[in-house]
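Here the structure is a predicted model, which means the values were calculated and not measured. The basis for the numbers below is simple: all heavy atoms, side chains too, and nothing from hydrogens, waters or symmetry mates. Index from 1, following the sequence.
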Amino acid sequence: MKSKFFALLLIVTTTSLLACSDKAKPSETGSTEGAAGTAAPAATVSNNAGSLPPMPKERLQNLWDNCDYIDFVFFDLDFSMSQEEKSAIQSTVAGIGANAPTLNPACKPIGRVFFQVAGKNVEEADLVMGQGCVYYIFQENGKPAYANLLTERGFKFYQDVFTQVLGQ
């Protein structure tokens, strides 16, 4: 079990060191109060990579204003976690960048994040980290609909989570 966590931490750390040095430019998000910002290390660009638009600002704003529970499920790991404090939720939402990544088909999701309002999933996203990829792919009707880079803050959040889990 610890070897899986160590491997994941190594991938995340290596990603941060080897990722492209170009970072997405910050974008205005209206009144989202920090719900988007400077992106984490950008996704590796390949000629065959696909793209999706970023989630509309109104939907990000809805998460910022109304999300009251986030559930994180990590694939191939023996843990999950959740958030229900407004400040923690808004911090996680602030980790969603405003810019869309170039999707790299070599990068696979390591987990899924469920954003809830009043007990209903209003958004769900695959968390993609590794091999220079650091982004969310938001699902709609079971299909990829939007993609957003993680901000530096969002990337650090997941690094800290994996560091804490490894330490247990």
**Complete:** Between the SG atom in Cys107 and the CD1 atom in Ile137, the distance rounded to the nearest 0.5 Å is 9.0 Å
**Prompt:** Does the Asn148 side chain pair with the main chain of Tyr135, one donor and one acceptor, at a distance under 3.5 Å?
**Reply:** no
**Request:** Compare all side-chain heavy atoms of Ile96 with those of Thr151 and state whether any distance is below 4.5 angstrom.
**Result:** no
**Message:** Taking transitive links into account, so neighbours of neighbours count too, which hydrophobic residues share a cluster with Val73 at under 4.5 Å side-chain distance?
**Reply:** Phe114
**Message:** Using the salt bridge (Lys or Arg N to Asp or Glu O under 4.0 Å) criterion, which residues pair with Lys108? Sequence neighbours excluded.
**Reply:** none
**Prompt:** If you look only at pairs with a residue in residues 128-148, which of them pass as a salt bridge (charged side-chain N to carboxylate O under 4.0 Å, His left out), with sequence neighbours excluded?
**Reply:** Arg59-Glu140
**Request:** Measure from the side-chain N and O atoms of Gln90 to the backbone N and O of Trp64, and report whether any donor-acceptor pair falls under 3.5 Å.
**Result:** yes
**Residues in side chain to side chain contact (heavy atoms under 4.5 Å, CB included) contact with Glu85, at least two apart in sequence or another chain** = Ser87, Ala88
**Prompt:** Of all residues at least two apart in sequence or in a different chain, which pass the side chain to side chain donor-acceptor pair (under 3.5 Å) check with Ser80?
**Reply:** none
**Request:** Output yes when a side-chain donor or acceptor of Asn104 lies under 3.5 Å from a complementary backbone atom of Ala106, and no otherwise.
**Result:** yes
**Request:** For Asp160, enumerate each residue passing the side chain to side chain donor-acceptor pair (under 3.5 Å) test, keeping only those at least two apart in sequence or located in another chain.
**Result:** Lys156
**Request:** List for me each residue that meets side chain to side chain donor-acceptor pair (under 3.5 Å) alongside Asn66, sequence neighbours excluded, and say none if there are none.
**Result:** Asn62
**Prompt:** Could you walk me through whether Phe72 and Phe157 pass the ring-ring contact (aromatic ring centres under 6.0 Å, His included) check?
**Reply:** CA-CA 12 Å; Phe72 303 84; Phe157 167 74; 5.8 Å; yes
**Request:** List for me each residue that meets ring-ring contact (aromatic ring centres under 6.0 Å, His included) alongside Phe138, sequence neighbours excluded, and say none if there are none.
**Result:** Tyr136
**Request:** Quick one: list whatever passes salt bridge (Lys or Arg N to Asp or Glu O under 4.0 Å) with Glu84, sequence neighbours left out.
**Result:** none
**Message:** Please report the interatomic distance CE(Met55) to CD(Glu123), rounded to the nearest 0.5 Å.
**Reply:** 3.5 Å
**Contacts of type side chain to side chain contact (heavy atoms under 4.5 Å, CB included), residue Ser82, not counting sequence neighbours** = Tyr69, Asp71
**Request:** Please tell me if the side chains of Pro105 and Leu103 come closer than 4.5 Å, counting only heavy atoms from C-beta onward.
**Result:** no
**Prompt:** Side chains of Arg112 and Leu127: closer than 4.5 Å at any heavy-atom pair?
**Reply:** no
**Item:** Sequence-distant partners of Phe115, ring-ring contact (aromatic ring centres under 6.0 Å, His included), two or more places apart
**Value:** none
**Asked** Of all residues at least two apart in sequence or in a different chain, which pass the side chain to side chain contact (heavy atoms under 4.5 Å, CB included) check with Pro53?
**Response** Tyr146
